[in-house]
S.K.: 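Shown below is the structure under consideration.
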Amino acid sequence: MAALVIAEHDNRLIRSGTLNAVSAATKLGGEVHVLVAGHQCGAAAAAAKQIGGVAKVRVADAPQYKDGLAESLAALVVSIAKEYTHILTPATTFGKNFLPRVAALLDVAQISDVVAVENPDTFVRPIYAGNAMATVQSSDRIKVITVRTTAFDAAAASGGSATVEPVAPAADAAQSKMLGQELTKSERPELAGAKIVVSGGRGVGSAENFKLVGQLADKMGAALGASRAAVDAGFAPNDYQVGQTGKIVAPDLYVAVGISGAIQHLAGMKDSRVIVAINKDADAPIFQVADYGLVADLFQAVPELISELDKK
Amino acid sequence: MKILVAVKRVVDFNVKVRVKSDNSGVETANLKMSMNPFDEIAVEEAIKLKEAGSATEIVAVSMGPAVCQETLRSAMAMGADRAILVQTEVELQPLAVAKLLHAILKKENPQLVILGKQAIDDDSNQTGQMLAALANLPQGTFASKVKLSGDGVEVTREIDGGLETVALKLPAIITTDLRLNTPRYVTLPNIMKAKKKPLETMTPESLGVDVKPRLKTLKVQEPPKRKPGAKVADVKELVAKLRSEAKVI
Amino acid sequence: MTREAMEFDVVIVGGGPAGLSAAIRLKQIASEAERDISVCLIEKGSEIGAHIISGAVMDPRALTELLPSWKEDGAPLKIPVTEDRFLFLSEKGSFRVPNFLLPPVFQNHGNYVVSLSNVCRWLGQQAEALGVEVYAGFAGQEVLYDENGAVKGVATSDMGVGKDGKPTEAYQPGVELLAKYTLFAEGCRGHLGRQLETRFKLHDGTEPQVYGIGIKELWEIAPEKHRPGLVMHTAGWPLPSDTYGGSFLYHFENNLVAIGLVVGLGYSNPYLSPFEEFQRYKKHPEIRQFLEGGRRVGYGARAITAGGLQALPKLVFPGGGLVGDDAGFLNAARIKGSHAAIKSGMLAAEAVAQALAQGRRRDQLEAYPKGFQTSWLREELYRARNFKPWMSGNLWFGSFMFGIDQMLLRGKAPWTLHLKPDHTKLKKASECEPISYPKPDGVLTFDRLSSVFLSNTNHEENQPSHLTLKDPTVPIRVNLDLYAAPETRYCPAAVYEIVRDAAGKNPRLQINAQNCVHCKTCDIKDPTQNIVWVAPQGGEGPVYVNM
């Protein structure tokens with residue numbers, strides 16, 4: 001029994017979600033291999049070799065794998081799939097794009113967004129936007145799985161000593177072509193997909209004061225969000241809104257500043273891995289869900305937090 | 001050019017679902033059902049292409065019990081020209097849906113198939129990609145912009161951290177993301193007209209497709225409730241804990 | 001863009017029990033007479049039943065008249081009432097009224113515990129099967145009049161109008177639905193019904209209508225505590241004895257229990273919060289015993305009419321009529337209105353069908369009020385007529401007098417009592433004691449926002465607020481300064497908030513229109529009638545399930 005994790009990378013660096021997927025793969029009990037498919041991706045392959053718990057890194061280095069296009073990548077994975085009982089990849093836009101193709105070509109189901117491994121054929125995954133958790137069992141010979149990265153700790157990025165083995169490129173029909181990528185240039189990451197989100201609520205008091213929340217976000221390299229109350233009050237634009245009627249986010253860290261924590265807001269961020277709340281009202285519902293709560297005046301706490309983050 | 005759009009009937013996005021107390025699934029009796037929001041975006045995009053003169057016919061497809069006709073009528077009220085229902089009482093999983101769509105593709109030969117990127121009930125995000133694989137066609141998933149150009153289509157895709165644009169040869173499969181468009185409101189006269197548009201019914205058997213579910217749902221539970229964590233005394237303690245305990249900064 | 005117009009024989013505004021029954025009856029008569037009557041019914045909820053909320057214990061009398069084979073046809077009246085309990089509550093204790101002392105209006109043998117929203121979904125299917133054109137998701141926004149001043153139909157609302165009142169990219173104009181007769185079945189305090197009442201002076205010579213607000217939750221309780229068909233009503237605590245109201249607790253199917261509190265909107269203390277009264281009511285030992293170990297699965301609220309017969313307006317005007325609670329047929333003594341709504345819809349339909357058969361159009365449907373006068377419904381409402389007036393004084397005296405009224409005189413007392421509009425009854429805050437309500441415990445009691453969450457309500461944010469103010473200075477100048485902002489308390493959906501700047505100054509009224517559950521309480525209780533509820537674009541508002 002062996003599991004294959006398809007690495008997400010940019011030919012040089014391994015993206016962090018890969019480490020979470022490896023960690024999920026190690027829970028299956030068998031050997032874990034990692035496939036690095038790219039073009040001039042030696043650096044990425046070398047990095048993959050370092051990942052803790054990985055026995056073998058398989059490298060397919062060919063021009064058609066440069067951009068991770070689904071059609072080419074799926075064909076490659078299918079060409080070696082028979083060697084494995086499980087095929088995993090992070091449930092990122094990269095993984096979600098190509099893995100269902102693999103499943104269909106193997107004539108097996110895909111199990112999407114897995115948050116827990118019960119045993120090698122049984123997995124837990126969220127349905128209805130996380131409002132229910134389904135435990136599903138697959139009877140397919142090969143289990144094809146995307147892994148919700150926030151649900152598994154990252155495997156160690158270094159210390160591993162996998163062997164490296166090349167894979168021959170698969171036949172390619174060149175049905176699609178990358179025209180270009182435009183990564184968000186703004187200082188701040190997009191709300192969806194950000195690792196850290198800092199949000200302000202009505203407690204922030206004014207649009208002017210909201211800049212303070214923005215400073216904290218910048219200090220943390222975080223996306224900036226807002227509660228509906230803050231948006232309604234005109235402190236922040238509508239597309240900052242996190243919650244039932246806004247965006248649904250699940251970052252590694254969510255910092256709620258001056259947000260009371262109405263259920264409509266919680267619906268948009270409750271799946272965050274770690275929640276921090278700063279609010280002067282000790283009874284605010286946000287503290288019911290926060291991993292770390294600080295009862296304090298935000299106008300003192302936030303500047304203090306900014307300067308504390310400067311210290312190493 | 002003919003466009004095929006796939007639409008799914010799901011629990012309305014405004015309605016909160018509740019896990020059944022015997023953990024056998026989610027309570028869906030008496031709930032309001034609607035077209036999957038991402039599929040509405042797919043229908044809208046097809047109509048926009050038709051209005052722009054790029055497409056000539058829009059065929060909406062749905063699958064499931066007879067009531068899915070309502071969803072197809074909604075698609076036709078928006079502007080689809082005709083509809084196909086693959087009628088079955090069997091629970092359809094993404095692979096089965098992709099196979100059924102593939103069978104319809106062979107009959108209809110559309111140049112473009114547009115689907116929602118995922119359904120808001122099972123959140124699988126698979127069907128479009130699976131269909132593309134089975135039909136051996138290129139795919140542009142999570143589209144936020146679609147531009148036809150000659151014998152191809154350029155799709156701008158939402159990816160983590162930004163956008164990317166791919167060029168696909170036609171025929172192709174596209175799945176929609178939220179920012180692609182805002183679906184139109186259906187008007188009362190168009191709902192009336194939709195009642196008269198053709199709706200054809202097929203079955204998985206007539207299409208020769210085995211739709212047996214591959215995944216077995218053992219149980220469905222409420223998500224674990226978050227427990228309140230610790231209060232920290234001051235900012236110093238907060239930062240220390242985030243660094244050493246939670247390891248998120 | 002101009003509005004498209006479409007013509008029908010009959011247009012019905014509102015898909016509740018009254019509107020649907022009128023539509024069904026029209027089609028039945030048409031089919032019996034082998035004529036065609038085209039009937040178009042519009043409903044502002046996203047589907048039939050989405051905006052329907054009621055207790056409910058249903059008296060099947062009218063339904064049996066309308067659809068005699070309802071049982072065989074699968075109507076969702078499945079749980080017969082098995083036991084009636086009536087309790088007077090004090091804060092810690094209770095006194096159960098022996099059943100032999102209960103007036104007949106409080107006895108429910110032969111009735112059913114139902115979800116009226118599910119009953120309406122079923123009625124909607126029956127109507128469609130009979131050929132009624134049912135369009136949910138479209139709100140009647142404007143009454144249309146012909147050159148003679150008769151009602152000629154309604155216009156549905158424009159969709160996709162922005163906050164600034166200008167069309168957005170998604171703009172779609174409404175349509176004009178024209179008819180020979182238009183029936184208004186919007187339910188209690190319909191916003192078009194109100195306009196018609198004013199225009200045609202329908203309340204001249206009648207008592208003003210009075211109202212209650214009913215707040216309801218649906219609980220899934222532990223199976224061992226569930227007794228399908230048990231119906232329990234209470235009076236007394238937590239409401240002050242000068243405030244009319246009472247609670248209900250109905251054991252429905254699938255371990256579901258419907259629980260609610262009705263508070264008369266004639267209350268005087270602006271600090272009173274019907275929502276908080278309901279929350280603390282659930283902590284009473286007689287109530288919590290059922291709820292403990294269960295989970296809350298639904299929430300909603302709706303104003304109900306309570307004025308009874310003497311507050312019933314004139315039912316018809318040139319071109320149409322009011323049916324159901326748009327007129328106010330609810331029997332407050334029995335806290336039942338669905339049977340009355342169905343019956344009124346049938347009576348109106350029969351009058352319309354007769355007029356159409358005679359080739360008439362857009363005149364007065366006199367046969368409808370005439371039919372009502374000789375119906376069992378009129379008889380029933382006549383007997384109950386003094387319930388609300390007695391109760392709006394003092395609960396104990398009122399119960400005693402209504403008891404005499406009902407037990408000794410069987411409702412045929414030689415007196416009829418008078419009513420005052422609810423909004424005039426509010427006292428100034430300075431004359432009243434603030435009420436301090438306990439904090440929610442998150443187990444039995446909850447805050448407003450987590451409650452509204454369960455109503456599934458939603459409104460497009462980029463549209464003009466459907467809660468309009470005649471004068472924008474009144475909320476602070478009058479409501480806050482004199483009445484301590486009562487709208488922040490009587491609104492069960494946290495629509496109204498007073499917000500102040502960072503220094504705690506400059507109060508202003510924040511209207512969270514997205515939260516609205518379309519209960520209409522603000523339209524009724526605002527002390528100067530400054531808040532006017534209008535329909536938002538169609539298909540929005542709550543989506544009630546099993547309510």
Side-chain angles (χ1 to χ4, degrees), chain B residues 9-35 37 40-41 44 47-48 51 66-67 69-71 73-74 77-79 120 179-196 221-223 225-228, chain C residues 3-6 40 42 45-50 76 115 117-118 121-122 133-138 156 158-160 168-177 218 220-223 253-255 294-298 453-460 537-547:
Chain B
R9 181 176 185 265
V10 298
V11 174
D12 185 82
F13 76 101
N14 284 314
V15 175
K16 278 94 206 165
V17 296
R18 166 165 63 96
V19 172
K20 285 185 184 167
S21 38
D22 66 359
N23 294 118
S24 62
V26 160
E27 189 64 74
T28 53
N30 299 319
L31 296 193
K32 173 172 162 52
M33 308 296 280
S34 296
M35 189 190 300
E40 269 190 294
I41 295 173
E44 177 66 32
I47 300 167
K48 282 206 155 93
E51 284 172 346
V67 283
Q69 286 188 18
E70 289 171 13
T71 314
R73 293 286 170 208
S74 304
M78 287 177 74
I120 61 167
R179 283 196 286 183
L180 181 59
N181 61 51
T182 307
R184 66 196 56 201
Y185 293 110
V186 294
T187 66
L188 216 145
N190 285 340
I191 295 177
M192 293 181 181
K193 282 176 206 149
K195 289 186 178 170
K196 300 195 179 78
Q221 292 168 294
E222 299 262 5
K225 289 245 177 336
R226 279 194 96 98
K227 292 193 189 75
Chain C
R3 290 196 291 221
E4 230 176 291
M6 282 178 285
C40 171
I42 56 169
S46 56
E47 66 172 357
I48 295 292
S115 151
S117 115
N118 291 351
R121 283 185 180 91
W122 180 83
E133 297 200 41
V134 177
Y135 299 108
F138 295 93
T156 64
D158 294 349
M159 306 289 282
T168 66
E169 255 178 49
Y171 178 75
Q172 297 280 4
V175 291
E176 297 192 348
L177 301 170
L218 196 64
E220 184 179 45
I221 66 165
E253 60 196 17
N254 300 332
N255 299 322
R295 59 174 172 167
R296 189 174 70 147
V297 300
F453 189 70
L454 290 176
S455 73
N456 302 317
T457 193
N458 188 39
H459 295 86
E460 162 64 50
Q537 63 181 23
E540 303 191 330
V543 184
Y544 290 135
V545 179
N546 298 322
M547 290 290 270

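Fair warning: this is a prediction, and the values are worked out from it, not measured in the lab. Chain letters run A, B, ... following the sequence lines, proteins first and then strands; every chain starts at 1.
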S.K.: Tell me, side chain or backbone of C:M6 under 4.5 Å from chain B's heavy atoms, or both, or neither?
M.R.: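 It is the side chain, since no backbone atom gets that close.
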S.K.: Let me know if B:S21 has heavy atoms under 4.5 Å from chain C in its side chain, its backbone, both or neither.
M.R.: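 Looking at B:S21, backbone and side chain both touch chain C.
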S.K.: Heavy atoms only: give me the nearest C:Y544-C:R121 pair and the separation to one decimal.
M.R.: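 Taking C:Y544 first and C:R121 second, the nearest heavy atoms are O-NH2, 2.8 Å.
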S.K.: Does any backbone or side-chain atom of B:T187 lie under 4.5 Å from a heavy atom of chain C? Answer side chain, backbone, both or neither.
M.R.: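 When you check distances to chain C, atoms from both the backbone and side chain of B:T187 fall under 4.5 Å.
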S.K.: Identify which part of C:F453 has an atom lying under 4.5 Å from any heavy atom of chain B, answering side chain, backbone, both or neither.
M.R.: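 Contact with chain B involves both backbone and side-chain atoms of C:F453.
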S.K.: Provide the closest heavy-atom pair for B:K20 versus B:V26 in the form atom of the first, atom of the second, distance.
M.R.: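 Minimum heavy-atom contact is CE-O, 3.8 Å.
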S.K.: What part of C:E220 gets within 4.5 angstrom of chain B, counting heavy atoms only: side chain, backbone, both, or neither?
M.R.: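 Looking at C:E220, just its side chain touches chain B.
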S.K.: Pick from C:L177, C:V175, C:V297: which one has the most heavy-atom pairs with chain B under 4.5 Å?
M.R.: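 Of the candidates given, the most pairs with chain B belong to C:V297.
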S.K.: Would a 4.5 Å heavy-atom cut-off, applied to side chains only, mark B:M33 and B:V67 as touching?
M.R.: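 Not touching, per the 4.5 Å side-chain cut-off.
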S.K.: Identify which part of C:S46 has an atom lying under 4.5 Å from any heavy atom of chain B, answering side chain, backbone, both or neither.
M.R.: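 Backbone plus side chain of C:S46, per the 4.5 Å heavy-atom cut-off to chain B.
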S.K.: Is chain C contacted by the side chain of B:E70, its backbone, both, or neither, given a heavy-atom distance below 4.5 Å?
M.R.: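 Neither part; nothing is under 4.5 Å.
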S.K.: Please look at C:A50 and chain B and tell me whether the side chain, the backbone, both or neither of the residue comes under 4.5 angstrom of a heavy atom of that chain.
M.R.: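 Contact with chain B: none, neither part.
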S.K.: Rounded at 0.5 Å granularity, tell me how far CG in B:D12 sits from CG in B:L31.
M.R.: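 It comes to 9.5 Å.
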S.K.: Surrounding CD of B:E51 (heavy atoms of other residues, nucleotides or ligands, distance under 6.0 Å), is the total greater than 12?
M.R.: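 Yes, the 6.0 Å shell around CD holds more than 12 heavy atoms from other groups.
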S.K.: If we define contacts as heavy-atom pairs under 4.5 Å, which of C:N255, C:N118, C:N254 has the most with chain B?
M.R.: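 Among the listed options, the one with the most contacts to chain B is C:N118.
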S.K.: Counting heavy-atom pairs closer than 4.5 Å to chain B, which one of C:E133, C:M159, C:E4 comes out on top?
M.R.: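 Among C:E133, C:M159, C:E4, the one with the most close pairs to chain B is C:M159.
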S.K.: Flag the pair B:L188 / C:I42 as yes when at least one side-chain heavy-atom distance between them is below 4.5 Å, and no otherwise.
M.R.: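 SC-SC contact between B:L188 and C:I42 confirmed.
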S.K.: Quick check on C:E540 against chain B: is it the side chain, the backbone, both or neither that has a heavy atom closer than 4.5 Å?
M.R.: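 Looking at C:E540, nothing touches chain B.
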S.K.: Hey, what do you get for CH2 (C:W122) to CD1 (C:I48), rounding to the nearest 0.5 Å?
M.R.: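 The CD1 atom of C:I48 is 14.0 Å from CH2 of C:W122, to the nearest 0.5 Å.
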S.K.: Measure the spacing between CG of C:N456 and CE of C:M547 and express it to the nearest 0.5 Å.
M.R.: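 So the CG of C:N456 and the CE of C:M547 are separated by 9.5 Å.
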